[in-house]
Engineer: 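Take this structure first; my questions come after.
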2 protein chains.
Amino acid sequence: MNRTEDGAGDAGATRAGRTSMRLGALRSHNSALVLDLLRTAGPEGISRLELAERTGLTPQAVSKITARLREDGLAAEAGHRASTGGKPRTVLRLVPEAGHALGVHLDRDELTAVLCDLTGAVVARRSAPLDLGAGAETVVERAVREVGELVAGGGRAGVVLGAGVALPGPLDHRSGVLHRVTGFPEWNGFPLRDVLARRLSLPVVVDKDTNAAALGLAVGGGAGSGTSFAYLHFGAGLGGGLVIDGTVHRGTRTGAGEFGHQVVQLDGPPCGCGNRGCVEALCLAAVARGDVAEAARVLGTAAGNLVALLDVDLVLLGGRTVAVAPETYVRGVAAVLAERARRAGSDAVPVRVASGAGQGVAEGAAQLLLAPLFGRAEG
Amino acid sequence: MNRTEDGAGDAGATRAGRTSMRLGALRSHNSALVLDLLRTAGPEGISRLELAERTGLTPQAVSKITARLREDGLAAEAGHRASTGGKPRTVLRLVPEAGHALGVHLDRDELTAVLCDLTGAVVARRSAPLDLGAGAETVVERAVREVGELVAGGGRAGVVLGAGVALPGPLDHRSGVLHRVTGFPEWNGFPLRDVLARRLSLPVVVDKDTNAAALGLAVGGGAGSGTSFAYLHFGAGLGGGLVIDGTVHRGTRTGAGEFGHQVVQLDGPPCGCGNRGCVEALCLAAVARGDVAEAARVLGTAAGNLVALLDVDLVLLGGRTVAVAPETYVRGVAAVLAERARRAGSDAVPVRVASGAGQGVAEGAAQLLLAPLFGRAEG
DNA sequence: TGCACTTTCGCAACAGCGTTGCGAAAGTGG
DNA sequence: CCACTTTCGCAACGCTGTTGCGAAAGTGCA
């Protein structure tokens with residue numbers, strides 16, 4: 001893990017927002033591409049020639065790149081394939097222990113921290129009750145302690161790349177400053193990333209819980225690197241995370257994905273946000289009435305709006321409320337989408353329950369650190 | 001314009017959808033970056049050192065790149081700046097006549113064709129009445145004739161890069177096949193791109209009219225290369241085009257941007273699309289009643305949904321209906337967005353009328369060919 | 001068992017990219 | 001007129017991925 005150059009992301013940003021491409025950018029791009037294929041290949045590994053085919057690079061280039069990766073300890077040989085009449089292909093695999101990342105999920109009533117290896121697999125996990133409203137200092141203290149014990153107990157902890165932190169409510173992903181965590185105004189303006197980074201002496205990345213969940217699904221959910229989907233989380237509230245071309249779309253002020261307060265009923269019933277007719281309010285009301293089918297229909301309408309606007313190729317549902325009756329929600333949402341697709345003359349967008357019901361927020365938070373290694377930085 | 005290598009876009013696509021980076025990709029990327037800055041600099045030009053600062057490249061690299069561009073005839077020296085104590089900077093500018101692109105707008109009742117130079121400036125323009133419902137062959141015939149006369153009359157026509165064609169209704173941008181142009185079912189499945197490409201013996205790109213308009217605004221509207229905005233077109237219908245990070249977002253099946261049939265009133269009044277409560281239906285109904293303020297409010301609600309979901313940094317309005325009372329629409333939409341931003345505790349997203357009221361669809365269509373030269377290919 | 005054949009993979013030379021070092025060109029200011 | 005500053009190009013360099021060729025390691029047939 002001892003790369004020499006490319007420290008903090010090739011600081012050649014232009015004033016206009018676009019970046020020139022240095023030679024090192026090319027190298028790290030192709031390295032990331034190869035690493036990503038090694039990761040998706042899993043423990044069975046993948047041969048050099050296959051890597052060459054799938055990247056479009058020449059076998060020689062792949063040999064060079066994989067040689068560097070092996071020097072760095074990121075890749076290793078793992079046996080051989082059966083020969084097809086010549087020298088058998090040597091299989092390469094990612095070395096999961098070459099690096100680790102921490103993922104922390106600060107939920108309203110619970111803290112979950114995980115230590116993941118390079119493949120994203122959970123090496124160690126801790127959970128503890130938490131009161132998000134207990135104030136920033138208290139929560140930070142808790143998080144630091146839990147993370148510390150996790151790393152200490154992790155046995156032979158390899159290099160820890162950093163910590164990803166996911167929590168509810170709007171925040172600025174770039175600066176790592178919280179805006180106003182829903183229901184906990186005392187967090188307003190708290191520079192969580194910098195405080196935690198200093199306390200942990202590690203790089204820290206913060207993001208919305210729904211974005212973390214979506215990232216986890218993008219990387220681990222078997223979705224290819226080019227897929228686009230919307231993850232809709234229906235729990236105590238209704239939120240969303242957008243993955244476009246394999247990377248999380250956060251928007252200019254990193255506030256994208258606000259799905260719950262989409263207005264689908266002009267001058268409808270009031271919502272907690274102060275507006276009227278938000279999907280969240282309507283869905284929650286329907287659930288309160290026990291009318292799950294109606295909740296699914298309303299959710300489907302909002303999802304249909306999203307699909308029409310962005311043309312994603314998948315809708316994933318998750319969250320505690322969905323977990324109560326997953327089939328009903330999937331069927332309800334899918335029905336609305338199918339009807340709209342039929343009218344538009346196109347194929348319907350598939351709807352599925354997110355693997356793990358989207359509960360892997362902490363794992364997704366760890367991916368905030370891991371994903372960039374595999375070329376999944378911001379789109 | 002005689003580039004040697006990089007023919008049809010570096011055909012090293014991976015099965016997973018991501019591309020490896022050859023050496024030539026780096027070159028063309030940086031060339032495009034410089035070219036884009038030359039374009040935005042306009043006739044006044046820009047010095048090499050300024051190019052170096054803005055791209056992050058070294059002055060030497062810029063010298064090499066601009067030397068190539070001058071060899072190819074794309075750039076030229078244009079005088080000197082005042083000295084600041086040393087050798088004065090030589091100013092470079094884009095040579096607009098080094099290449100041209102055709103833009104064709106097939107509207108329901110009118111055909112507009114333009115010939116643009118590299119800067120996107122219109123060199124020649126023709127308009128003619130058109131009946132989009134007259135059938136594919138008739139329309140193609142008309143388009144070919146108009147384009148032919150345009151090129152012939154264009155005087156010393158430089159190299160024509162190709163033709164961009166914009167028309168209403170859903171279509172597949174990638175394959176260039178129409179789905180069902182709204183109201184003209186006979187177009188269903190017509191391979192417009194290939195037919196026109198054969199007839200014109202030119203590369204042809206087709207896209208929705210709203211996407212073309214949005215692209216024109218993204219390139220010519222003074223918006224920086226990194227901006228994201230939504231262009232909402234309210235004319236006979238209501239549509240939209242999304243620009244994210246300076247490039248048009250088209251989605252997996254190139255159907256993105258369907259804004260008009262966003263449902264904002266569950267079980268509301270029926271819409272022509274067969275659904276109920278679509279923005280388009282509500283806005284049109286309000287306009288028919290003469291209640292423009294209400295139309296603006298409804299439009300603002302839908303725009304607010306879009307802004308919350310994508311976090312763009314600008315909303316542009318255009319179209320004939322907006323042009324009737326632009327101030328009313330801007331104020332109405334902005335009011336809704338400001339109110340929502342206030343509740344969320346963030347800054348309001350600015351709303352403006354698109355320059356030219358978004359009527360420059362043909363110019364935008366020409367940009368379908370020009371934009372890739374400046375690195376504005378699909379994001 | 002031996003030999004021809006196929007396939008994989010690494011070494012060496014190569015072309016192309018941006019970078020560094022240095023010098024020429026072209027001004028300003030004393 | 002000369003020192004100084006700034007711009008810009010030439011040459012050498014380090015770094016990419018690429019090409020050519022040969023070694024390694026199997027299979028299959030005589």
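Per chain, numbering begins at 1; letters A, B, ... match sequence-line order. Quick caveat: nothing in here was measured; it's all calculated off a predicted structure.
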Engineer: Could you pull out all residues at least two apart from B:S63 that satisfy side-chain hydrogen bond (donor to acceptor under 3.5 Å, both in side chains)?
Structural biologist: none
Engineer: Show me the protein contacts with nucleotides 23-26 of chain C, counting only N or O atoms at under 3.5 Å.
Structural biologist:
residue	atom	partner	partner atom	Å
C:dA26	N3	B:K87	N	3.4

Engineer: With sequence neighbours excluded, tell me which residues meet salt bridge (charged side-chain N to carboxylate O under 4.0 Å, His left out) with B:R39.
Structural biologist: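 Testing B:R39 for salt bridge (charged side-chain N to carboxylate O under 4.0 Å, His left out), a comparison that skips the adjacent residues, returns B:D36.
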Engineer: Taking CG from A:N30 and C1' from D:dT18, how many angstroms apart are they, rounded to a whole number?
Structural biologist: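 Rounded to whole Å, this separation is 13 Å.
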Engineer: Find the distance B:H80:NE2 to C:dT28:C1' and express it as a whole number of Å.
Structural biologist: 16 Å
Engineer: For B:L92 and D:dT7, give me the distance from atom CG to atom P, rounded to whole Å.
Structural biologist: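 My rounded result for the distance is 13 Å.
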Engineer: Whole Å only: how far is the CG atom of B:L57 from the C1' atom of C:dT20?
Structural biologist: 15 Å
Engineer: Measure the distance from CZ on B:R70 to C1' on D:dC8 and round it to the nearest whole Å.
Structural biologist: 10 Å
Engineer: Counting C-beta onward and ignoring hydrogens, is there a side-chain heavy-atom pair between B:L370 and B:L161 closer than 4.5 Å?
Structural biologist: yes
Engineer: Round to a whole Å and report the spacing from CG of B:L49 to C1' of D:dT7.
Structural biologist: 7 Å
Engineer: Give the rounded distance in Å between these two atoms: CZ of A:R27 and C1' of D:dT16.
Structural biologist: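 To the nearest whole Å, that distance equals 9 Å.
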Engineer: Taking side-chain hydrogen bond (donor to acceptor under 3.5 Å, both in side chains) as the definition, give me every residue that meets it alongside B:Q60, ordered by chain and number, with sequence neighbours left out.
Structural biologist: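 By the side-chain hydrogen bond (donor to acceptor under 3.5 Å, both in side chains) rule, B:Q60 matches no residue at all.
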Engineer: May I ask you to list the residues of residues 58-68 of chain B, by number, that have any heavy atom positioned under 4.0 Å from an atom of DNA chain D?
Structural biologist: B:Q60, B:S63
Engineer: Expressed as a whole number of angstroms, how long is the span from B:L26:CG to C:dG18:P?
Structural biologist: 6 Å
Engineer: List the residues meeting salt bridge (charged side-chain N to carboxylate O under 4.0 Å, His left out) with B:R81, not counting sequence neighbours, and say none if there are none.
Structural biologist: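 B:E50.
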Engineer: Quick one: list whatever passes side-chain hydrogen bond (donor to acceptor under 3.5 Å, both in side chains) with B:S47, sequence neighbours left out.
Structural biologist: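 Residues passing side-chain hydrogen bond (donor to acceptor under 3.5 Å, both in side chains) with B:S47: none at all.
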Engineer: For A:R253, give me all partners under salt bridge (charged side-chain N to carboxylate O under 4.0 Å, His left out), at least two apart in sequence or on another chain.
Structural biologist: B:D311
Engineer: Can you spot which of B:V205, B:V248, B:N211 makes a side chain to side chain contact (heavy atoms under 4.5 Å, CB included) with B:H173?
Structural biologist: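 Exactly one candidate clears the test, B:V205.
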Engineer: On DNA chain C, compare the nucleotides closest to A:T84 and A:E77; which residue's is nearer the 5' end?
Structural biologist: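 On the 5' side of the pair lies A:T84.
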Engineer: Does B:R48 place a side-chain N or O at less than 4.0 Å from the phosphate oxygens OP1/OP2 of D:dG9?
Structural biologist: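 Yes, within the criterion.
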Engineer: Once salt bridge (charged side-chain N to carboxylate O under 4.0 Å, His left out) is applied, do any residues pair with B:D172, and if so which ones, sequence neighbours excluded?
Structural biologist: none
Engineer: Tell me what A:S47 touches on the nucleic acid: a base, only sugar-phosphate, or nothing, going by heavy atoms under 4.0 Å.
Structural biologist: nothing
Engineer: Ignoring backbone atoms, test whether B:T90 places a side-chain nitrogen or oxygen under 4.0 Å from the OP1 or OP2 oxygen of D:dT7.
Structural biologist: no
